[in-house]
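The residues of the chain are indexed from 1 along the displayed sequence. Quick caveat, the model's predicted, so the values are computed rather than measured.
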Amino acid sequence: MTTPVKLTIVYYSSTGTIAEIAKELRDAGTKAGAEVRLAKAAELAPQAAIDSNPAWAANQAATASVPEATPADIDWADAVIFGTPTRFGNVSSQLKQFMDTLGGLWAEGRLADKVYSGFVSTATAHAGHESTLHSLYNSVHHFGGIVVTPGFTDPAKFVDGNPYGTSHADGQGTNPVNDATRTAARIQAERVIMMAAKLKAAAEASAGQGPHAEKPAHTTGERPRRWWQRRRK
């Protein structure tokens, strides 16, 4: 019997929109049968900047109990969903800084073969929804990860219209997370878990003891050596 999918959701949120979507993904993932970890990227902005924006300060207080993400959260997971507000059409510095700490896991091949997906928010429509997700997925390709997007695999996706991941335009705080965004998040979480479960079941089956089972490429506790590690010998 296949063990439950382990899903980690790592996000950065300043004024709370991404935090709200992250919770929706967490709840949908749990309902779909996954073990879910929710973690936030560490804040890099000075406290004075946070305190100058009431929404930013309120979100900091509201999410104080959410643990800060560590590389161990990614290593643990079968699937990872990253969330970020867009910054000039790109990933926020806070989330990018966390992703840059994953170099050790990458060097050991421990980021490869996992399922990855992403979600974003912007202040206005057409303000980097798609380009931010594309930028995020560039890193996943370097990981050797498997990008799983929602696509238009559910009729409800034609409402929010973003096949690359859940996205929301918050109108500078005037447009709270709505039903269309919550539905998109549910679809995304369910699809990520479904695909990760299929991959996990296949991997567990190939590691079985039957006569046609594949032999593991390395012993328990070891990781395959990458080409640059082999050449150093």
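Taking all atoms of both residues into account, the shortest heavy-atom contact from Glu24 to Ala185 is CG-CB, 4.0 Å. The shortest non-hydrogen separation linking Ser131 to Gly89 is OG-O, 3.0 Å. Val192 and Ser117 make their closest contact through CG2-CB, 3.6 Å (heavy atoms, listed as atom of the first residue, atom of the second, distance). Nearest heavy atoms, Thr181 versus Ser167: OG1-O, 4.0 Å. Between Trp106 and His142, the shortest heavy-atom distance links the atoms NE1-O, 3.1 Å. Counting all heavy atoms, side chain and backbone alike, Pro150 lies closest to Pro163 at CD-O, 3.5 Å.
Remark: Asn59 engages no residue in a side-chain hydrogen bond (donor to acceptor under 3.5 Å, both in side chains) (not counting sequence neighbours). For Ala127, the side chain to side chain contact (heavy atoms under 4.5 Å, CB included) partners at least two apart in sequence or on another chain are Thr122, Thr124. Residues satisfying the side chain to side chain contact (heavy atoms under 4.5 Å, CB included) test with Ser93, not counting sequence neighbours, are Leu44. Evaluation of the side chain to side chain contact (heavy atoms under 4.5 Å, CB included) rule for Asn53 yields Thr15, Ala55, Trp56 as partners, not counting sequence neighbours. Remark: Ser121 engages no residue in a side-chain hydrogen bond (donor to acceptor under 3.5 Å, both in side chains) (not counting sequence neighbours). Lys96 pairs by the salt bridge (Lys or Arg N to Asp or Glu O under 4.0 Å) definition with Asp100, not counting sequence neighbours. Applying the side chain to side chain contact (heavy atoms under 4.5 Å, CB included) test to Arg186 and every residue at least two apart in sequence or in another chain returns Ala28, Thr183, Glu190.
The side-chain heavy atoms of Met99 and Phe143, taken from C-beta on, include a pair separated by under 4.5 Å. At least one side-chain heavy atom of Val177 sits less than 4.5 Å from a side-chain heavy atom of Thr17. Residues Asn162 and Leu133 meet the side-chain proximity criterion, which asks for heavy atoms closer than 4.5 Å.
Cluster annotation: Leu136 is connected to Leu105 through the hydrophobic network of ILVMFWY side chains, with a link wherever side-chain heavy atoms come within less than 4.5 Å. In the hydrophobic cluster analysis, where Ile, Leu, Val, Met, Phe, Trp and Tyr join through side-chain heavy atoms closer than 4.5 angstrom, Met195 is grouped together with Leu25. Hydrophobic clustering (side-chain heavy atoms under 4.5 Å, transitive across Ile, Leu, Val, Met, Phe, Trp, Tyr) keeps Ile146 apart from Leu102. Cluster annotation: Val5 and Phe119 are assigned to the same hydrophobic cluster (Ile/Leu/Val/Met/Phe/Trp/Tyr, side-chain heavy-atom contacts under 4.5 Å, transitive). Both Val10 and Val120 belong to a single network of hydrophobic side chains, linked directly or stepwise wherever heavy atoms of I, L, V, M, F, W or Y lie under 4.5 Å apart.
Counting only distance, with no hydrogens or angles, the side chain of Thr132 and the backbone of Thr86 share no donor-acceptor pair below 3.5 Å. Judged by distance alone, the side chain of His168 and the main-chain N or O of Ala123 form no donor-acceptor pair under 3.5 Å. Looking only at distances, no side-chain donor or acceptor of Gln188 sits under 3.5 Å from a matching main-chain atom of Ile81. Side-chain N or O atoms of Thr63 include none that pairs as donor or acceptor with a backbone N or O of Val66 at under 3.5 Å. Under a 3.5 Å cut-off, the side chain of Ser52 and the backbone N or O of Ala49 do form a donor-acceptor pair. Put simply, the side chain of Thr149 never gets that close to the backbone of Tyr164: no donor and acceptor are under 3.5 Å apart.
Residues Ser135 and Asn138 have side chains that never bring a donor and an acceptor to within less than 3.5 angstrom of each other.
Annotation: the span from Ser14 atom OG to Gln60 atom CD amounts to 11.0 Å, rounded to 0.5 Å. A distance of 11.5 Å separates CD1 in Ile21 from CD1 in Ile9, rounded to the nearest 0.5 Å.
Contacts classified as salt bridge (Lys or Arg N to Asp or Glu O under 4.0 Å) and involving residues 150-176 (residues at least two apart or in different chains) are given here: Lys157-Asp160. The salt bridge (Lys or Arg N to Asp or Glu O under 4.0 Å) contacts involving residues 112-123 comprise nothing, where partners must be two or more places apart or lie in separate chains. Identified under the ring-ring contact (aromatic ring centres under 6.0 Å, His included) test for residues 64-99, with sequence neighbours left out: none. Counting only residues at least two apart or on different chains, the salt bridge (Lys or Arg N to Asp or Glu O under 4.0 Å) pairs with a member in residues 76-87 are Asp78-Lys200. Sorted by first and then second residue, the pairs that involve residues 32-61 and meet salt bridge (Lys or Arg N to Asp or Glu O under 4.0 Å), not counting sequence neighbours, are Arg37-Asp73.
Between Phe158 and Phe152, the ring center distance clears the sub-6.0 Å criterion.
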